[in-house]
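Quick notes on the structure that follows.
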Protein chains: 2
Amino acid sequence: MHLLLAYLRRFVPTLTEAEWQLLAGAVRPAHLARGQHFVQAGDYRPEIALLLQGSCRLYYLRPSGEERTTYFFFENHLLADYPSCLLGQPSQLNIQALTDTDLLVFDYAVLRQLYDECPAYERFGRVLAEYHLLGTDARLTEQLMLSPEERYRALLASGKTKILERVPQHLVANYLGVTPVSLSRIRARVARGR
Amino acid sequence: MHLLLAYLRRFVPTLTEAEWQLLAGAVRPAHLARGQHFVQAGDYRPEIALLLQGSCRLYYLRPSGEERTTYFFFENHLLADYPSCLLGQPSQLNIQALTDTDLLVFDYAVLRQLYDECPAYERFGRVLAEYHLLGTDARLTEQLMLSPEERYRALLASGKTKILERVPQHLVANYLGVTPVSLSRIRARVARGR
DNA sequence: GATTTTTCTTAGCTTTTGTTATCGTCGGGG
DNA sequence: CCCCGACGATAACAAAAGCTAAGAAAAATC
């Protein structure tokens with residue numbers, strides 16, 4: 001529980017105990033078994049969760065039926081279907097546990113309410129959105145600027161090597177925007193050629 | 001000037017005249033001649049502007065020297081180097097006028113100050129970041145899910161055809177993550193094969 | 001209105017990626 | 001303990017994209 005408080009304070013250091021209590025009552029623990037979904041396309045259950053232990057992936061289902069994994073979640077990161085929460089629409093994406101996963105869950109409606117009632121949470125919402133925007137923007141830029149091989153090298157050099165260590169390679173391939181076969185070739189090139 | 005007020009109210013409908021005056025005093029008109037820069041890599045001049053008339057592009061300079069255009073701005077959209085403002089660091093990107101352009105400019109520091117002083121602006125900051133996050137996220141997803149040809153078709157089908165009408169094609173190619181030559185081929189394919 | 005300059009298309013060739021399929025390995029479940 | 005399914009490497013082929021260059025078309029400049 002204090003991990004969620006610590007998370008909030010990373011974004012809003014001034015958050016008081018009293019302010020924390022406004023949210024704390026709405027928080028409940030939850031568990032996902034490996035393979036189980038936190039969000040599934042078509043659902044509308046706007047919830048946010050702090051990932052305490054484990055890992056999840058975010059993926060889309062293409063019309064053809066294949067899955068495309070575009071994001072990973074690890075410890076101490078928020079799990080949410082941002083578009084669904086913000087637009088108030090059913091999910092178009094899926095979030096699934098890659099391993100057994102422990103969460104702290106609360107309803108987005110509660111946070112939305114706190115935006116109106118408590119400036120500290122409104123600030124949290126702003127800073128959180130800004131933080132995610134920076135990350136998403138950097139990744140989009142990388143996608144537009146770099147070749148697949150450069151993107152793989154960039155991932156190696158980045159602080160995100162957790163992804164490479166904890167995620168099956170064919171999902172990393174999706175994440176980098178290439179096919180699994182292609183990533184395997186790129187890895188072979190990078191390994192030999194240096 | 002009222003266009004900026006209208007912009008703010010699109011995000012915060014409840015913004016009062018008094019609240020608007022808190023920002024209004026800091027706003028100044030500006031003009032960019034075609035080819036002139038609003039932001040240049042290495043600068044640190046955190047400003048935000050509403051684009052009144054004209055168009056701009058956002059581009060990065062690669063080590064090799066070529067430019068990669070990743071975004072376009074048109075009327076009634078905000079112009080800003082979000083990463084530079086948020087991180088308080090010099091710009092790594094460039095924003096340049098594609099045509100003669102009229103702006104309303106204010107310093108990010110003023111807005112940052114208003115985040116502390118006026119809840120309506122903090123809300124504006126949150127909703128603005130959320131709005132941009134949704135857009136960037138959708139574009140990243142498109143980039144990871146769709147082939148270049150599919151992305152071109154998606155652009156045709158989207159509400160962003162302004163880009164195709166008002167921007168040189170080799171910049172659109174960058175925006176879609178392909179080379180100009182490749183986009184030309186894709187267009188030929190789409191035109192013939194329908 | 002003529003002349004640069006920029007932009008777009010097309011072509012030929014190379015490189016990379018996508019596709020499909022096979023094989024080896026590893027792990028879990030029966 | 002064995003078998004099956006998931007995962008990754010590799011190969012062969014097809015398709016697409018990158019690169020270079022040349023020429024046509026359109027725009028901007030003078």
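All chains are named by letter (A, B, ...) in the order of the sequence lines, taking the proteins before the strands, and each is independently numbered beginning at 1.
Pro180(A) comes within 4.0 angstrom of nothing in the nucleic acid, heavy atoms only. Thr179(B) comes within 4.0 angstrom of sugar-phosphate atoms only, judged by non-hydrogen atoms across all strands, and of no base. Ser184(B) comes within 4.0 angstrom of a base, heavy atoms only.
Rounded to whole Å, the distance from NE2 on His170(B) to P on dA26(D) is 17 Å. A straight line from CZ of Arg185(A) to P of dC13(D) spans 14 Å, rounded to a whole angstrom. In this structure, CZ of Arg62(B) is placed 14 Å from C1' of dC19(D), rounded to the nearest angstrom. If you take CZ of Arg187(B) and P of dA16(D), they are 18 Å apart, rounded to a whole angstrom. One can place CZ of Arg34(B) at 11 Å from C1' of dT29(D), the figure rounded to the nearest angstrom. Nucleotide dA16(D) holds its P atom 12 Å from the CZ atom of Arg153(B), rounded to whole Å. Residue Arg151(B) contributes atom CZ, which lies 9 Å from atom P of dA17(D) at whole-angstrom precision. Rounded to whole angstrom, the span from the CD atom of Gln169(A) across to the P atom of dT10(D) amounts to 11 Å.
Cation-pi contact between Arg57(A) and Tyr175(A): absent, since separation from the ring centre below 6.0 Å together with deviation from the ring axis within 45° is not met.
Taking each heavy atom of Leu144(A) and Asn174(B) in turn, the nearest pair found is CD2-O, 4.0 Å.
Ring geometry, Phe73(A) versus Tyr71(A): the interplanar angle exceeds 60°, so the pair is classed perpendicular (tilted spans 30 to 60°).
For the side chain to side chain contact (heavy atoms under 4.5 Å, CB included) with Phe124(A), the qualifying choice from Val12(A), Leu23(A), Leu114(A) is Val12(A), the only one to do so.
Distances were taken from every side-chain heavy atom of Pro168(A) (C-beta onward) to each of dT10(D), dG8(D), dG18(D); the shortest belongs to dG8(D).
Considering only side-chain N and O atoms, Arg189(A) lies nowhere under 4.0 angstrom from the phosphate OP1 or OP2 of dA9(D).
Using modelled atom types, no side-chain atom of Thr99(B) and backbone atom of Gly54(B) make a donor-acceptor pair closer than 3.5 Å. In this structure a side-chain-to-backbone donor-acceptor pair under 3.5 Å is present from Asn94(B) to Tyr59(B).
Rounded to the nearest 0.5 Å, atoms CZ (Arg151(B)) and CD (Glu142(B)) are 8.0 Å apart.
Once you apply a 4.0 Å limit to the heavy atoms of chain B, the touched nucleotides of DNA chain C run 5' to 3' over dT7(C) to dG12(C).
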